[in-house]
Amino acid sequence: QVQLVESGGGLVQAGGSLRLSCAASGRTFSTYAMGWFRQAPGKERQFVAAISWSAGTTFYEDSVKGRFTISRDNAKNTVYLQMNSLKPEDTAVYYCAGTRIRDTPQTVRAPPLYDYWGQGTQVTVSS
């Protein structure tokens, strides 16, 4: 069993930065690929970024490439999402999730393939 707790959300002006953290409980964290998803009101949950268990491979949704960076520290059981040059359209609740499936560009984008989810943290970008 893995429990995930996100933090770091808040209100920021367009062009600003935030760093989200996702702290995981459980000794098997390092065996999970981790992803970040977001969901805006009235919209489906959207893939943002993912990172393999070894941190050797990262994946990004096209609209965040070059602005967001996902990383992880397995010694601290934590995954991060550094968000720079934020835009109003980045406003959403951000969720971290963990999966033990083999991480490919297709699998990491599919919410049903994730085993564990955090409760979410709100990110609001004002124009």
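Note that the structure is a prediction, hence the values are computed from the model and not measured.
Between the side chain of Ser52 and the main chain of Thr57, a donor-acceptor pair closer than 3.5 Å is present. A donor-acceptor pair under 3.5 Å links the side-chain atoms of Glu6 to the main chain of Gln119, judged by distance alone. Looking only at distances, no side-chain donor or acceptor of Gln46 sits under 3.5 Å from a matching main-chain atom of Arg38. Checking side-chain atoms of Arg109 against main-chain N and O of Ala50 turns up no donor-acceptor pair under 3.5 Å. Although no hydrogens or angles enter the test, the distance criterion places a donor-acceptor pair under 3.5 Å between the side chain of Thr91 and the main chain of Val125.
Residues Leu4 and Ala97 share a closest heavy-atom pair of CD1-CA, 3.7 Å. Summarising the geometry of Ser127 relative to Ala14, their closest heavy-atom pair is CA-CB, 4.4 Å, with the distance given to 0.1 Å. What you find for Val93 and Gly120 is that their closest heavy atoms are CG1-CA, 3.8 Å.
No chain of hydrophobic side-chain contacts below 4.5 Å, direct or via other Ile, Leu, Val, Met, Phe, Trp or Tyr residues, connects Val123 to Tyr95.
Annotation: the span from Tyr116 atom OH to Met34 atom CE amounts to 11.5 Å, rounded to 0.5 Å. Here Leu81 contributes atom CG and Thr121 contributes atom OG1; the two are 11.0 Å apart, rounded to the nearest 0.5 Å. To the nearest 0.5 Å, the span separating CG on Asp103 from OG1 on Thr58 amounts to 10.5 Å. Here CZ of Arg72 is found 7.0 Å from OG of Ser30. Values are rounded to the nearest 0.5 Å. Note that OG1 of Thr99 and CZ of Arg102 are 12.5 Å apart. Values are rounded to the nearest 0.5 Å. The distance from the OG atom of Ser63 to the NZ atom of Lys87 is 7.5 Å, given to the nearest 0.5 Å.
For Arg67, the side-chain hydrogen bond (donor to acceptor under 3.5 Å, both in side chains) test picks out Asp90, with sequence neighbours left out. Under the side-chain hydrogen bond (donor to acceptor under 3.5 Å, both in side chains) criterion, Gln3 pairs with no residue at all, not counting sequence neighbours. Scored by the side chain to side chain contact (heavy atoms under 4.5 Å, CB included) test, Thr107 finds Ile101, Thr104, Leu113 as partners (sequence neighbours excluded). With sequence neighbours excluded, no residue satisfies ring-ring contact (aromatic ring centres under 6.0 Å, His included) with Phe29. With sequence neighbours excluded, the residues forming a salt bridge (charged side-chain N to carboxylate O under 4.0 Å, His left out) with Lys65 are Asp62, listed by chain and number. Checked against ring-ring contact (aromatic ring centres under 6.0 Å, His included), Phe68 has no partners two or more places apart in sequence or in another chain. Checked against ring-ring contact (aromatic ring centres under 6.0 Å, His included), Trp53 has no partners two or more places apart in sequence or in another chain. Not counting sequence neighbours, the partners of Asn84 by the side-chain hydrogen bond (donor to acceptor under 3.5 Å, both in side chains) test are Ser17, Gln82. With sequence neighbours left out, Asn77 forms a side-chain hydrogen bond (donor to acceptor under 3.5 Å, both in side chains) with no residue at all. Applying the ring-ring contact (aromatic ring centres under 6.0 Å, His included) test to Tyr60 and every residue at least two apart in sequence or in another chain returns nothing.
Other residues sharing the hydrophobic cluster of Val5, ordered by chain and number and joined by side-chain separations under 4.5 Å: none, the residue standing alone. Other cluster members for Tyr80: none, since no ILVMFWY side-chain heavy atom sits under 4.5 Å from it.
The aromatic rings of Trp117 and Phe37 are tilted relative to each other, their planes meeting at an angle between 30° and 60°.
Between Leu20 and Met83 there is a side-chain heavy-atom pair separated by less than 4.5 Å. You'll find the side chain of Asp115 stays beyond 4.5 Å of the side chain of Val2, heavy atoms only. With a 4.5 Å cut-off on side-chain heavy atoms, Trp36 and Val79 count as touching.
Between Phe59 and Phe47, a ring centre-to-centre spacing not shorter than 6.0 Å is recorded.
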